[in-house]
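The structure under discussion appears below in the form of structure tokens.
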Amino acid sequence: MSSVVENYYKIKNTLPENVKIVVVTKTQPIEKILEIYNIGHKIFGENKVQELKEKKELLPDDVEWHMIGHLQTNKVKYIAPYINLIHSVDSLNLLKIINKEAIKNNRIINCLLQIKIAKEETKYGMSYEELIELLSSNELKELKNIKIIGLMSMATYTDDYSIIRSEYKYFSEVFENIKAMFFKEDINFKEKSIGMSNDYKIALDYGATIIRIGTLIFGERI
Ligand SMILES: *Cc1c(COP(=O)(O)O)cnc(C)c1O
């Protein structure tokens with residue numbers, strides 16, 4: 001077994017059944033990605049549209065692609081024909097554009113709303129207040145070709161696990177509030193996309209259903 005595949009199983013074998021891995025392929029060569037594909041894993045994620053397009057062309061058609069990075073409105077059209085889940089929706093305007101492009105492609109596009117839980121200025125995502133405002137808006141109800149199926153977030157990048165723990169705790173509280181307020185009857189709203197290589201075990205304690213893993217499978221990015 002190659003080390004990449006071994007690393008994958010080391011994570012996979014410890015996960016609860018309902019938790020999916022998005023294998024994050026950014027900067028990785030196709031041969032390494034194919035090693036994971038060839039053992040039957042189909043869910044891959046990229047954080048840049050350009051790289052996503054390039055990888056999509058080189059990998060088999062049955063890959064389920066996830067967009068996990070900040071998405072500019074003018075790039076939505078490139079991924080709308082095939083994207084399986086957009087993790088990083090951070091405004092109503094972006095949702096409107098995704099809806100428009102989804103209509104053009106005669107699809108419904110699954111989305112997660114990204115909330116900001118880290119104190120770092122560099123992190124994207126909406127505050128709790130912005131999230132409530134978006135979900136309360138009448139315009140949202142008009143968007144029939146998008147489906148919001150959960151929330152996504154990134155914790156502070158730190159060795160201090162107490163900080164990560166408190167951020168993921170906050171995330172799961174926000175999730176429960178939002179679910180109760182806006183998605184009570186909606187069984188589709190259930191995804192919590194939290195957890196990366198350095199903190200996925202903590203994310204699992206707070207109910208992660210999707211973890212996004214790059215480095216721990218492929219090694220440090222080149
Ligand atoms: C790169 C990236 C990941 C994966 O990071 P690793 O630390 O390599 O596991 C997860 N989520 C997002 C949004 C990313 O950009």
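Just so it is clear, the model here is predicted, and its values are computed rather than measured. As the structure lists them, so they are numbered: ligands from 1, and atoms in each ligand from 1.
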One line per pair, note the atom names and distance for all nitrogen or oxygen contacts under 3.5 Å between ligand 1 and the protein.
unit_1   : atom_1 : unit_2 : atom_2 : d
ligand 1 : 8 (O)  : Thr215 : N      : 2.8
ligand 1 : 8 (O)  : Thr215 : OG1    : 2.5
ligand 1 : 8 (O)  : Arg221 : NH1    : 2.7
ligand 1 : 8 (O)  : Arg221 : NH2    : 3.3
ligand 1 : 9 (O)  : Ser197 : N      : 3.1
ligand 1 : 9 (O)  : Ser197 : OG     : 2.5
ligand 1 : 9 (O)  : Gly214 : N      : 2.9
ligand 1 : 11 (N) : Arg212 : NE     : 2.8
ligand 1 : 15 (O) : Lys26  : NZ     : 2.7

Pair up each side-chain donor or acceptor in residues 19-32 with any protein partner under 3.5 Å, not counting sequence neighbours, and list the distances.
unit_1 : atom_1 : unit_2 : atom_2 : d
Thr25  : OG1    : Gly45  : O      : 3.3
Thr25  : OG1    : Glu46  : OE2    : 2.6
Lys32  : NZ     : Phe218 : O      : 3.2

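- More than 12 heavy atoms of other shown residues, nucleotides or ligands fall within 6.0 angstrom of atom NZ in Lys141.
- Remark: aromatic rings of Tyr200 and Tyr168 are distant, center separation not under 6.0 Å.
- For Ser162, the side chain to side chain donor-acceptor pair (under 3.5 Å) partners two or more places apart in sequence, or in a different chain, are Asp160.
- Here Ala208 pairs with Ile194, Ala203, Leu204, Ile211 under the side-chain contact (heavy atoms from CB on, under 4.5 Å) rule; sequence neighbours left out.
- Between Tyr8 and His41, the ring center distance clears the sub-6.0 Å criterion.
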